[in-house]
2 protein chains.
Amino acid sequence: MNVGHPALEKFVARLLRRSTLSTEEVQALLHLPCRVAQPQAHFDIVYPGETVNHACLVAKGLVARFDQMRDGKRQIAAFHIPGDMCDLHSVVAPTAGWGISALSPSTVLFLSHAELRKLAIAYPNVALSFWRDGTADASVLAKWVGNLGRQDARSRLAHLLCEMGVRLELAGLGTRTSFVLDATQEQLADALGLTAVHVDRTMQALRREGLLATHGRTIDVVDWQCFAEAADFDPAYLLLGLPTRAGATQGLKMGRGMSSAA
Amino acid sequence: MNVGHPALEKFVARLLRRSTLSTEEVQALLHLPCRVAQPQAHFDIVYPGETVNHACLVAKGLVARFDQMRDGKRQIAAFHIPGDMCDLHSVVAPTAGWGISALSPSTVLFLSHAELRKLAIAYPNVALSFWRDGTADASVLAKWVGNLGRQDARSRLAHLLCEMGVRLELAGLGTRTSFVLDATQEQLADALGLTAVHVDRTMQALRREGLLATHGRTIDVVDWQCFAEAADFDPAYLLLGLPTRAGATQGLKMGRGMSSAA
DNA sequence: CGGCACATTGACGTGCATCAAACCGTGTGG
DNA sequence: CCACACGGTTTGATGCACGTCAATGTGCCG
């Protein structure tokens, strides 16, 4: 057991990107006790359906939240990079259907629900920031639903890469046009609702189009504008106050009449 | 402007299904002021990308949160039934990428963010219950990601119907095996990432198999067990403490080694 | 050097999209 | 009371994006 692990700073930095916290609140967060673990790639940190009494903070590596079908097929619902709490929501819902798995060799911190809840109750503002953090995750999920439901493989893959680029850049782990995404094509396939084979072919297509270059697991986006275009990517859903693609989706379709009965 | 609308009771009932609240807290919630509107079917209540200063509570009808692509195609990310707050999360994130649309003729209440935030700060326990409510929505989103990514049309449709059955039953609007889902096949298609044509054919297949019967927009599930089986449905993700399908997804796949460095 | 995880390739099958037309119930106006 | 328009459902013909299976290539590590 450990108090005030340096990775907590990354988490606080993430919260501060969307919420304002007082020095006292920040200090309280930074002094949370934690336990550290270093799962290797493919290790399941939390099994689907398990009840936990701690939340999981990523310090290093790439971690995913996934849903598992009866036949064993997996669908990744979220990627988590250093500074992310995979399951902060487990504080208010300790049993759920998902699992958490390390995609690459990682370092994770376990923070007790009791301690986190204590903070949320003592500092209403911290509670709001936790809620807001969860809302941001949910917004990403909603966007993934849109991607899976209404875009083809090319757009889906491009969108995922755009998202990870922006998030990794903000986390200080590269730039949106050049970053390391430490996942196998099979893991990407699990996130995109595709097969590894098709992810490979799609990746090749993007390379052939000159939109993308890869060196090992480093992704280089050649022309961000074109690429974001191909991805139908608008960073608004990340809830980071980033500049929105002008007039993108606003008011495309008018509804028809709404009798007000105030 | 209206104070203490009866539909607030449904919302409080929804919160109480997952959280415990004191009488005082309940009273405070029940006395929230609101504005009422009655959108007809297809009316867009909130446009994608709009900034709002109120949250939207469904009193009657069927309402959806949706994501819109550049080409105008829509993907529904969540259905909302009476008692649901479509966008409680907008209290902590007033601008986001989604839109909200009435699928059938509905009644909705608008509750001011300021008032809701005031409650959340005054009563930490209410803040937790709001956070928990948002978490439940997020859990449903994650499940939808799984469905869209890894199940075929038949399972997806069946799963959606299972979910709506259970939710409508809990809201007192039918039973899980017999309920009204007031959406067109096109709207279902927008939720399932399919086309209306294919939804129709899939529905017919389920009827032919004897799993389902429909009368207008009333759904009758013939054999819940078989149907839930076909849907790969396990209600755990609804976070309602419902009985879980025995040993469904637990520990299907073992991970491999995790060097502990506590 | 051999083994292993991952990437890549090719041949082939299929689930769902697309397009276009017909059908059906319901409300509306002549 | 019929005609017709309208939103929604149903049907059929055709095509393609992606899945499946199976083999081969490639870099890394012991």
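Every chain is numbered from 1, with letters handed out A, B, ... down the list of sequences.
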With no hydrogens and no angle check, do the side chains of [X] and [Y] hold a donor and an acceptor under 3.5 Å apart?
X      : Y      : value
B:D67  : B:Q75  : no
A:S101 : A:D44  : yes
A:W144 : A:E163 : yes

Subject >> Reported CG-to-CG distance for the pair B:L194 and B:L157, which is rounded to 0.5 angstrom >> reply: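 It is 8.0 Å, given to the nearest 0.5 Å.
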
Original post:
To the nearest 0.5 Å, how far apart are CZ in A:R35 and NE2 in A:H54?
Top reply: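 Interatomic distance, A:R35 CZ to A:H54 NE2, rounded to 0.5 Å: 6.0 Å.
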
Subject >> Helix axis bend for the helix from C:dT8-D:dA23 to C:dG30-D:dC1 - C1'-based end axes, five pairs, 10° rounding >> reply: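 End-to-end axis angle for the helix from C:dT8-D:dA23 to C:dG30-D:dC1: 30°, rounded to 10°.
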
Nearest whole angstrom, please: distance from the [atom2] of [N] to the [atom1] of [X].
X      : N      : atom1 : atom2 : answer
B:M203 : D:dT9  : CE    : P     : 9 Å
B:H215 : D:dG8  : NE2   : C1'   : 19 Å
B:Q204 : C:dC16 : CD    : C1'   : 15 Å
B:L103 : D:dG7  : CG    : P     : 17 Å
B:Q40  : C:dG27 : CD    : P     : 15 Å

Subject >> Check against salt bridge (Lys or Arg N to Asp or Glu O under 4.0 Å), A:R70 and B:E229 >> reply: CA-CA 10 Å; A:R70 225 176 341 157; B:E229 178 85 10; 2.9 Å; yes

**OP:** Quick one: which residue pairs count as a side-chain hydrogen bond (donor to acceptor under 3.5 Å, both in side chains) with a foot in residues 186-195 of chain A, not counting sequence neighbours?
**Re:**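 Residue pairs with at least one partner in residues 186-195 of chain A: A:D190-B:R150.
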
**OP:** Could you encode protein contacts along nucleotides 13-30 of chain D as a string, one character per nucleotide from 5' to 3', using B for base contact, S for sugar-phosphate-only contact and - for no contact, with a heavy-atom cut-off of under 4.0 Å?
**Re:** B----BSBB---------

Check: residues 79-86 of chain B side-chain donor-acceptor pairs under 3.5 Å, at least two apart:
| unit_1 | atom_1 | unit_2 | atom_2 | d |
| --- | --- | --- | --- | --- |
| B:D84 | OD1 | B:R14 | NH1 | 2.8 |
| B:D84 | OD2 | B:I81 | N | 3.1 |
| B:D84 | OD2 | B:R167 | NH2 | 2.8 |

**OP:** Among residues two or more places apart or on two chains, list those pairs meeting ring-ring contact (aromatic ring centres under 6.0 Å, His included) that have a residue in residues 150-180 of chain B.
**Re:**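 Of all non-adjacent pairs touching residues 150-180 of chain B, those that pass ring-ring contact (aromatic ring centres under 6.0 Å, His included) are B:H159-B:F233, B:H159-B:Y237.
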
Subject >> A:S178 side-chain N/O to A:T175 backbone N/O, donor-acceptor pair under 3.5 Å >> reply: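 Not confirmed, A:S178 side chain does not pair with A:T175 backbone.
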
**OP:** Please test B:L62 against B:R217 for side chain to side chain contact (heavy atoms under 4.5 Å, CB included), starting from the C-alpha separation and ending with a verdict.
**Re:** CA-CA 12 Å; B:L62 187 62; B:R217 286 182 183 171; over 6 Å; no

Original post:
By a strict heavy-atom criterion of less than 4.0 Å, which residues belonging to residues 182-192 of chain B are in contact with DNA chain D?
Top reply: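 Residues of residues 182-192 of chain B that come under 4.0 Å of DNA chain D are, in numerical order, B:T184, B:Q185.
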
